[in-house]
Novice: 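I am attaching a structure below and will ask some questions about it afterwards.
Just so you know, ligand 1 is whichever comes first in the structure, and atom 1 is the first atom listed for that ligand. Values in this document were obtained by computation on a predicted structure and should not be read as measured data.
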Amino acid sequence: MNINKTHSSPNYNERRLGAPNMILLHYTGRPSCEEAITKWLCNPEKEVSAHYVVDEDGTIYQLVDEDKRAWHAGVSEWKGQTDINSLSIGIEIQNPGHEFGYRPFPLAQMESVAALCKNIMERFEIEYVLGHSDVAPKRKVDPGELFDWDWLSNRGVPNVHASE
Ligand SMILES: [Zn+2]
């Protein structure tokens, strides 16, 4: 699996609860992947980040080391845990989102998301693969209704929306 490491984010700190047990999927909600990376996820003024970003063409960027705590979940909760950033690997999937023209996730992009999740699952005991909207349902809708959780499950990534 090719991972582009040309960008890195200063927005992270140390994990507080040991190894991650979940993968949290987002959409960037920005018009382009370039903008999402340079203006937001790697911008110290924004104080947000993710471990990975997957562009629409399938390119995978790694911005933060997996052993560090990236800042993507915000105020959130899952199964009584509230420090979701400490417990998760965050993947931002490029899509303009509902604000800038929500559109289907291309196959090449989905293939990379599936490959990346499977790769992470080889290294960590991942119990939950879920979306930002699952852990912050009152604030967040991403990755949204066009994200195909069943397809992801069929590609070998069981998740909270489809458990095949
Ligand atoms: Zn999100």
Novice: Between Ser153 (side chain) and Trp151 (backbone), is there a donor-acceptor pair under 3.5 Å?
Specialist: no
Novice: So that I know where these two stand, are Trp71 and Tyr12 an aromatic pair - ring centroids less than 6.0 Å apart?
Specialist: no
Novice: Any side-chain heavy atom of Phe147 sitting closer than 4.5 Å to one from His161?
Specialist: no
Novice: What's the separation between atom CG in Asp57 and atom CD in Gln109, rounded to the nearest 0.5 Å?
Specialist: 8.5 Å
Novice: Between His98 and Tyr27, is the ring centroid distance below 6.0 Å?
Specialist: yes
Novice: Under 2.8 Å from the Zn ion (ligand 1), which protein atoms of type N, O or S occur, listed by chain and number?
Specialist: His26 ND1, His132 ND1, Asp142 OD2
Novice: Between Asn11 (side chain) and Asn43 (backbone), is there a donor-acceptor pair under 3.5 Å?
Specialist: yes
